[in-house]
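Quick note on labels: first sequence line is chain A, next is B, and so on, each numbered from 1. Computed from heavy atoms alone, side chains included, the values below leave out hydrogens, waters and symmetry copies.
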Amino acid sequence: MPPVKIWLLDINDEVIDGKPEIRLWGLDDKGRRTLIIDRSFLPYFYLLLEDDAIPEKVLKEIDVRKTSTPGIVALHVVDKKYFGKPVRVIRVACRNPTLVTKYASSLGRVSGVRDHLEDDIRYSSRYLIDKGINPCGWHKVEVEEVENEVDAEVEKVYLAKSTPRVVDSAETPRLRVLAFSMVCHSAKGSPKPEKDPIVIISSVANDRSQQQFIAEDHDDRHVIESFIKHVQDFDPDIIVGYGSNKQDWPYLIERAKRLGIKLLVDRSGSEPHTSLYGHVSVTGRSNIDLADYAEEIREVKVKTLENIADYLGVTKKEKRTKIEEIDLSSFWEDEEKRPALQRYAMENSQSILGISNITLDFAMQLSNLIGLPLDHVGAAAVGFRVEWYLIRRAHEIGELVPKRTEKPYFPYKGATVLKPKPGIHEKVVVLDFSSMYPNIMIANNISPDTYVKPHEPEPLGGVNTAPEVKHKFRKEPPGFYKQVLSDLIKARNEIKAKLKRLSPESPQHKVLNARELAVKTVANASYGYAGWVGARWYIRPVAEATTAWGRHAIEHTVDLAKKSGLNVIYGDTDSVFVEYKAEEIKKFLEAVKEEVGLEIKPDKVYEPVLFTEAKKRYAGLLPDGRLDIVGLEVARGDWTESAKKVQEGVIEIILKERSADDAVKFVHQYIKNLKSKKVPYSDLIIWKTLTKPIEEYKVNAPHVTAAKTLKRLGWALVPGEKIGYVIEAGGGKLYERAAPYSLTTYDQLDLKYYEENQIIPAALRILSIFGKNKEDLKPEDATQRTL
DNA sequence: GCCGTATTCCTACCG
DNA sequence: ACCGGTAGGAATACGGCG
């Protein structure tokens, strides 16, 4: 039969009668759900030999022990590289994946063996790496059709007869997407799956069908069973939720277990389970938690589903039913309010589906680029994403993957930040080095495999020596990082060029745009990865040399700017802010390219820009009239909306109307509004993240007080959660007067605190440059006048 | 024990 | 479970004081 084309959605492995098999789940080019089983691939690991070891002797040693390692299928001596150095290794193939870890540690002790490597790479991952298979991509496989003896919920089941070959195609098949959300009920505090039922499950699919399952009384058996049936009937390829990996799925799994219901929502007749990086795996489908992608949206500070949906504009804010988490259960209990709760639940699922429409292209491109399955890639932290990409690239060039070992942490010096020139500057251009760190690594061949230790002899081709820190890197051959990063940068430039030729409305543009973003995130995170002690390829001098060259570059650039007759107003890491003088800038750019060896490009123009004494904080007016506010309170999530609105208003008046007195009047008016309670309650909430368990805090802090109150009332609080609190009137320390916003009323608030500790400091940050002080900002109210 | 100041803790930002 | 550099608020420690 002709080869089958498959777009890879999910992969898993099974061991049947002691024999391993890989299962590739996806869609064929006719849109049929397809499973391809590959039984031809054996798991393996490597034994790294001592420099003076004789491979044949080691093989003999291994043979002597064969009664204790009967599962060894094959042994091969192979040439590889380890940190760039040629090494001999023995590749030990095993009958099944369960033997790999066991055999690796026992054979690691054989004399002549220095270490065991790559035994920590899982069997299904091993398959993806070795076969060069890309998740969310097309492949061609020679197959034979077989009976569906594994009871897979697919239209076609095949047995692979060849290695899958990548087919270059940017097309995405038409996938079925199901969004779901749940409401659980508890009399008090957070619902607990041991006792509290799931009262509503809502689902919305991308064929626009909607379903809602509602508990009768407090019995959720029917809710769960109906949901399972619905998933089976709709048969989604992708299931999306918001917070689903940490909340919905674990809750569902526990409820189902308690009620003795089999949670059969996958395509292989088994139940969902928590897997790598804490994601929940649903075999044959891709289960995606959109909260993972929301993490990357810096503009949204409190990342609730509602806020993310608003930011992305996927649902109409005005039309939405708003219910505080704390009120959910009372809405359920109240017959009159229950319809509102049902609406709320359905709208949540609609928001989730809406967010998935925007997010999935990026998720798929990231999965395809990095090589992690779609359901893994979102859950994996940035460091692991970079690492996985490196692992796949390492395999291509025969570089062994180092083990993850614990290393001591020593801090090292980072980037240079210039002192700003305070005040207003009329016309300023920001020039920055594009992808500075990756380009520095490429230019100087900085890489774990090119590093030359202090006492090592210098290689023939010579070395690049980092300024200040004096770390050395061989010039030849091109290192691992150089190869990987040049490819990424090249790929990104090619995509950018293609994008320019496409109309922004075309579907190809959407996909390529997502691809560009995926490539950018990996390239930008590569320096951070290099400096991460937990990284497999961590070599401190690599990170240390990169920042040293970076400091050198910006310092040299500042010199050149001055020599070109340009006034440098500010700079941070890879940028310089200079006054806009076209002729001088042109010369300056050329000088930088010539002398620094890195390209610098004009980015933004501000007319004008305002600096205080502080670094990393400024506000500028862009040519189109928009304000660009960096680092200041407006850009932060731990100040009240009221303070931020005042500061933004002040900045706007200062930059556009150039009147500090008008700005002061604006502040006066706002404070008067506050005192007459015209400022909305929600603008007075302070949001702060709980960064560790409550007990571990060494000092009292307002948000911890509020968290303790919630905890007393039965609300489970985990690190990472945002606590919204307000300050109440009364005596004592601030932390004694902090309370959860949902448990407090407007009348209890300490408005003086909001005036003195929020609004005035935020406004003064800007206005103190113009000689205004605290007293100037306080409105003269009636009481003062009578005095 | 009180008061003003220095230090530490804590969070969130920039690039 | 990605880096170091930075700002700034609040809590707490500290030093002086008959």
Trainee: Given atom CD1 of A:I727 and atom C1' of C:dA11, what is their separation to the nearest angstrom?
Mentor: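 The answer, rounded to whole Å, is 13 Å.
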Trainee: Is it true that A:W549 and A:Y437 have ring centroids separated by less than 6.0 Å?
Mentor: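 No; A:Y437 has its ring centre 6.0 Å or more from that of A:W549.
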Trainee: Counting only side-chain N and O atoms of A:Y753, is one of them less than 4.0 Å from OP1 or OP2 of C:dA10?
Mentor: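 Yes.
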Trainee: A:A381 near the nucleic acid: base, sugar-phosphate alone, or nothing, with a heavy-atom cut-off under 4.0 Å?
Mentor: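 It contacts sugar-phosphate atoms only.
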Trainee: Ring centroid separation for A:F384 and A:W532, is it under 6.0 angstrom?
Mentor: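 Yes, close enough.
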Trainee: List for me each residue that meets side chain to side chain donor-acceptor pair (under 3.5 Å) alongside A:D375, sequence neighbours excluded, and say none if there are none.
Mentor: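 Expected list: A:H279.
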Trainee: Distance check needed: C:dA7 P versus A:L764 CG, whole Å only.
Mentor: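 After rounding, the gap between these two atoms is 18 Å.
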Trainee: Tell me, please, whether A:Y697 has A:K692 positioned over its six-membered ring: NZ or CZ under 6.0 Å from the ring centre and within 45 degrees of its axis?
Mentor: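 Yes - A:K692 lies over the ring of A:Y697, closer than 6.0 Å to its centre and within 45° of its axis.
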Trainee: Under 4.0 Å between a side-chain N/O of A:N700 and OP1 or OP2 of C:dT12, yes or no?
Mentor: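 Yes, A:N700 has a side-chain N/O under 4.0 Å of OP1/OP2 on C:dT12.
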Trainee: What string of B, S and - do you get for nucleotides 8-15 of chain B, 5' to 3', when a contact is any protein heavy atom under 4.0 Å?
Mentor: -SSBBSBS
Trainee: Would you find a donor on one side and an acceptor on the other, under 3.5 Å apart, between the side chain of A:S486 and the backbone of A:K482?
Mentor: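 A pair under 3.5 Å: yes.
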Trainee: For A:R492, which residues count as a salt bridge (charged side-chain N to carboxylate O under 4.0 Å, His left out) partner, sequence neighbours excluded?
Mentor: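 Scan of A:R492 (salt bridge (charged side-chain N to carboxylate O under 4.0 Å, His left out), adjacent residues dropped) gives A:E516.
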Trainee: Rounded to whole Å, please give me the gap between CD1 in A:I760 and P in C:dG9.
Mentor: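 Those two atoms, CD1 and P, are 13 Å apart.
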Trainee: Take the protein atom NZ of A:K644 and the nucleotide atom C1' of C:dG9, then report the distance between them rounded to whole Å.
Mentor: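 Whole-Å distance recorded here is 16 Å.
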Trainee: Are any of the side-chain nitrogens in A:E118 or A:R126 under 4.0 Å away from the carboxylate oxygens of its partner?
Mentor: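 The answer is yes: the pair qualifies as a salt bridge.
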Trainee: Can you tell me if A:R540 uses its side chain to pair, donor with acceptor, with the backbone of A:P411 under 3.5 Å?
Mentor: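 Yes, the answer is positive, given that a donor and an acceptor are paired below the 3.5 Å cut-off.
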Trainee: Looking only at side-chain N and O atoms, does A:N757 come under 4.0 Å of OP1 or OP2 in C:dA10?
Mentor: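 Yes, A:N757 has a side-chain N/O under 4.0 Å of OP1/OP2 on C:dA10.
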Trainee: What is the separation between atom CH2 on A:W639 and atom P on C:dG8, rounded to the nearest whole Å?
Mentor: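 Those two atoms, CH2 and P, are 9 Å apart.
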Trainee: Using atom types as modelled and distance alone, determine if a side-chain donor or acceptor of A:K421 lies under 3.5 Å from a backbone N or O of A:V568.
Mentor: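 Present.
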Trainee: When you compare the protein's N or O atoms with those of nucleotides 1-4 of chain B, which come within less than 3.5 Å of each other, and at what distance?
Mentor:
none

Trainee: Under 4.0 angstrom, heavy atoms only, what part of the nucleic acid is A:G531 near: base, sugar-phosphate, or nothing?
Mentor: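 Since only primed, P, OP1 and OP2 atoms lie under 4.0 Å of A:G531, the category is sugar-phosphate.
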Trainee: In whole Å, what is the span from the CD atom of A:E756 to the C1' atom of C:dG8?
Mentor: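 My rounded result for the distance is 17 Å.
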Trainee: Would you kindly say whether A:Y389 and A:R393 are connected by a side-chain donor-acceptor distance under 3.5 Å?
Mentor: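 A pair is found: one side chain offers a donor N or O, the other an acceptor, under 3.5 Å apart.
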Trainee: A:D603: which residues meet the salt bridge (charged side-chain N to carboxylate O under 4.0 Å, His left out) condition with it, sequence neighbours left out?
Mentor: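 Salt bridge (charged side-chain N to carboxylate O under 4.0 Å, His left out) list for A:D603, sorted by chain: empty.
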Trainee: In whole angstroms, how far is the P atom of C:dA13 from the NZ atom of A:K733?
Mentor: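 Those two atoms, NZ and P, are 10 Å apart.
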Trainee: Could you check how far CD1 of A:I686 sits from C1' of C:dA10, rounded to whole Å?
Mentor: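 Roughly 11 Å, once rounded to whole Å.
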Trainee: When you measure from every atom of DNA chain B, which of residues 401-410 of chain A have a heavy atom less than 4.0 Å away?
Mentor: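 When residues 401-410 of chain A is checked for heavy atoms under 4.0 Å from DNA chain B, there are no hits whatsoever.
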Trainee: Donor-acceptor pair, A:R404 side chain versus A:G534 backbone, under 3.5 Å?
Mentor: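 Yes; judged by distance alone, with no hydrogens or angles, the pair exists.
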Trainee: Of the nucleotides C:dG4, C:dT6, C:dG9, which one has an atom closest to the side chain of A:P761?
Mentor: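 The nucleotide sitting nearest to the side chain is C:dG9.
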